[in-house]
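Everything below concerns the one structure shown next.
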Amino acid sequence: GVVEGAQVLDDGRILSWSWDHTLRLWDGEAGAALATLSGHTGRVWGARVLEDGRIVSWSWDATLRLWDGASGAALATLDGHTSVVEAQVLEDGRILSWSWDHTLRLWDEESGAALATLKGHTDEVSGAQALDDGRILSWSNDHTLRLWDGESGAALATLEGHTDKVSGAQALDDGRILSWSKDHTLRLWDGESGAALATLDGHTGSIFGAQALDDGRILSWSNDHTLRLWDGESGAVLASFDGHTGWVRGSQALEDGRFLSWSGRVTWERSSDYVLRLWDGDSGAVLATLEGHTGMVNGAQALKDGRILSWSDDYTLRLWDGGSGAALATLEGHSRTVNGAQMLADGRILSWSWDGTLRLWDGESGAALATLEGHTGSVFGGHMLDDGRILSWSEDHTLRLWDGESGAALATLEGHTGWVNGAQMLADGRILSWSRDNTFRLWDGESGAALDLVSGDILAHEAPELYAAWIRASNPNACR
């Protein structure tokens with residue numbers, strides 16, 4: 001079954017967890033299976049290694065389990081929830097869990113004994129976090145957030161005001177709490193009492209996300225086609241970034257205080273907004289509309305020299321003046337959607353596409369330098385290795401190594417039987433890849449020779465970005 005995630009342990013072994021109800025321990029060198037941690041009767045949703053080496057896992061079977069980190073032997077079942085569980089390990093070692101059963105629970109990390117049940121929510125608990133002072137903050141589909149005593153689990157405050165599911169929340173540096181909801185609002189709360197301080201009202205659609213900026217202002221974005229900037233103290237609207245005609249799917253704060261945004265594909269509403277926009281970071285005024293793409297903008301980045309690079313469903317990449325937004329160059333050559341791109345350290349641009357190719361471009365003029373041909377399916381990603389070679393992975397079940405200067409093919413890494421969703425170079429020079437065939441593979445980083453296969457559909461990640469890559473890879477760019 002599909003593996004939800006994996007983690008490289010300090011001793012080099014790999015821990016993975018799967019929809020097949022098991023966790024597995026693997027030899028990180030040889031890829032050999034070391035132990036199968038069996039006991040869950042539903043999808044394993046997550047796992048963590050405790051400081052003493054034991055493992056805690058949580059599952060759709062409504063339980064958490066403790067395992068011996070050496071042998072994989074079952075040690076304890078943390079039983080009490082009645083529906084799907086998520087969890088985190090607190091700084092003091094205790095385990096905090098929350099569930100679709102409307103409760104949170106605290107558990108002793110040694111014995112697995114239940115310490116407290118945090119009752120009060122009346123619908124699924126969708127998230128929780130421990131605050132710096134030891135209290136616990138949770139938010140729920142019941143439209144509320146709640147504060148709890150981190151020792152006893154006693155309810156301290158109910159943060160009421162939202163009128164639909166609370167999508168997310170975060171504690172701000174000054175102790176206040178920021179939340180956002182499907183009710184189209186954000187709200188600020190007193191972090192001590194839970195009292196409502198301000199309602200950030202103005203969006204007309206569900207809020208996808210929000211962040212507190214370094215200067216204390218708050219930026220949010222929504223499916224109402226806008227971004228909004230708010231006073232972080234009063235919650236007053238400072239600016240509405242109006243102009244997009246599709247859902248705002250990406251934005252970036254530039255170093256000079258301006259914002260760059262773009263509107264991307266949505267699953268059930270085909271947006272016709274093919275532009276990027278530059279905004280004044282204070283007033284929200286449109287400074288420039290970067291027009292030229294004739295298909296969905298899939299991504300963009302601000303380059304170190306101030307220019308902007310974007311890529312699109314229209315088969316092109318474009319370079320823009322970061323000041324005026326004027327079009328500088330159109331990078332034409334791909335024959336299908338451009339999935340991604342990056343600026344290389346030497347100033348060239350590398351792109352990859354559904355057309356099965358990668359391309360190298362002159363970073364100044366946008367002139368085509370080389371076409372890396374060989375893949376027979378969509379290329380999902382690529383990057384330049386430290387030695388200058390390029391590694392790519394594809395829908396065609398292979399990875400490929402390329403000469404970073406000429407673009408010549410060096411090696412084809414064959415063995416996967418499903419889409420290759422991601423890859424990385426390990427510190428020892430080997431290549432790790434993961435695939436929809438429910439395996440990961442290790443490859444010799446020089447020759448590309450296959451070294452080992454591990455069953456289980458594992459993504460071994462050592463950074464949050466890799467977990468995000470796993471989520472994206474579950475169906476990468478599949479809406480063609």
Side-chain angles (χ1 to χ4, degrees), residues 1-2 4-5 17-23 37-48 50 55-67 74-90 92-131 134-170 177 179-183 194 206 471:
V2 173
E4 182 65 30
W17 50 96
S18 169
W19 290 10
D20 70 3
H21 308 178
T22 70
L23 302 92
L37 289 60
S38 299
H40 282 298
T41 58
R43 295 179 184 177
V44 183
W45 202 231
R48 291 292 181 273
L50 305 180
I55 295 164
V56 61
S57 61
W58 49 94
S59 166
W60 280 37
D61 68 6
T63 71
L64 301 92
R65 291 179 184 256
L66 286 168
W67 314 85
L75 299 176
T77 301
L78 288 60
D79 205 353
H81 283 298
T82 58
S83 189
V84 175
V85 182
E86 294 187 64
Q88 69 178 88
V89 179
L90 304 183
D92 62 7
R94 291 175 304 152
I95 298 162
L96 170 67
S97 62
W98 57 94
S99 170
W100 294 1
D101 69 5
H102 311 174
T103 71
L104 302 92
R105 291 177 185 257
L106 287 165
W107 311 86
D108 183 272
E109 76 279 10
E110 292 295 326
S111 65
L115 300 175
T117 301
L118 289 58
K119 293 183 180 180
H121 283 298
T122 58
D123 204 338
E124 295 175 11
V125 182
S126 51
Q129 70 177 95
L131 305 183
R135 291 175 303 152
I136 293 166
L137 171 68
S138 63
W139 52 96
S140 166
N141 289 356
D142 69 4
H143 310 174
T144 72
L145 302 93
R146 291 179 185 255
L147 287 166
W148 313 85
D149 185 280
E151 290 296 321
S152 66
L156 299 176
T158 301
L159 288 59
E160 295 181 289
H162 282 300
T163 59
D164 205 336
K165 297 175 181 178
V166 182
S167 303
Q170 68 179 96
I177 294 166
S179 63
W180 53 96
S181 166
K182 290 188 175 181
D183 69 4
S206 294
I471 298 300

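Each residue takes its place number in the sequence, starting with 1.
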Could you please spell out the steps behind the side-chain contact (heavy atoms from CB on, under 4.5 Å) verdict for H143 and S181?
CA-CA 8 Å; H143 310 174; S181 166; over 6 Å; no
Mind running side-chain contact (heavy atoms from CB on, under 4.5 Å) on L64 and H81 for me, showing each step along the way?
CA-CA 9 Å; L64 301 92; H81 283 298; 4.2 Å; yes
When you look at K165 and S126, which way does the side-chain contact (heavy atoms from CB on, under 4.5 Å) test go after all the steps?
CA-CA 9 Å; K165 297 175 181 178; S126 51; over 6 Å; no
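Between the S138 side chain and the A128 main chain, no donor and acceptor come within less than 3.5 Å of each other. In this structure a side-chain-to-backbone donor-acceptor pair under 3.5 Å is present from D61 to T41. For R48 (side chain) and A87 (main-chain N/O), no donor-acceptor pair under 3.5 Å exists by modelled atom type. A donor-acceptor pair is defined here as one N or O able to donate and one able to accept, closer than 3.5 Å; such a pair exists between the side chain of S59 and the backbone of R43.
Listed by chain and number, the residues in a side chain to side chain contact (heavy atoms under 4.5 Å, CB included) with D79 are T63, T77 (sequence neighbours excluded).
Two residues are said to be in side-chain contact when any heavy atoms from C-beta on lie closer than 4.5 Å; L23 and H40 meet this criterion. A 4.5 Å side-chain heavy-atom check between S18 and V44 finds every atom pair outside the cut-off. By the 4.5 Å heavy-atom criterion applied to side chains, S179 and H162 are counted as neighbours. Using a 4.5 Å heavy-atom cutoff, the side chains of V125 and R146 are not in contact. Counting heavy atoms from C-beta outward, Q88 and W58 have side chains that stay 4.5 Å or more apart. Between L131 and L147 there is a side-chain heavy-atom pair separated by less than 4.5 Å. Contact annotation: the side chain of H102 never approaches that of S140 to less than 4.5 Å [non-hydrogen atoms, C-beta and beyond]. Contact of the Q129 side chain with the I136 side chain is not registered, since no non-hydrogen atoms from C-beta on lie closer than 4.5 Å.
One distance of note links CG of L137 with CH2 of W148; it measures 11.0 Å at 0.5 Å rounding. In this structure, L118 CG and S152 OG are separated by 8.0 Å, a value rounded to the nearest 0.5 Å. Remark: D101 CG to H121 NE2 distance equals 11.5 Å, nearest 0.5 Å. Expressed to the nearest 0.5 Å, how far OG of S111 lies from CG of L75 amounts to 11.5 Å. To the nearest 0.5 angstrom, W180 atom CH2 is 14.0 Å from S206 atom OG.
Counting all heavy atoms, side chain and backbone alike, R94 lies closest to G150 at NH1-O, 2.5 Å. When all heavy atoms are compared, the tightest approach of A157 to G194 is CB-CA, 4.3 Å. Closest non-hydrogen pair, W107 versus S97, comes out as NE1-OG, 2.9 Å.
The side-chain hydrogen bond (donor to acceptor under 3.5 Å, both in side chains) with S57 is formed by just one residue from the set W17, W45, W67; it is W67.
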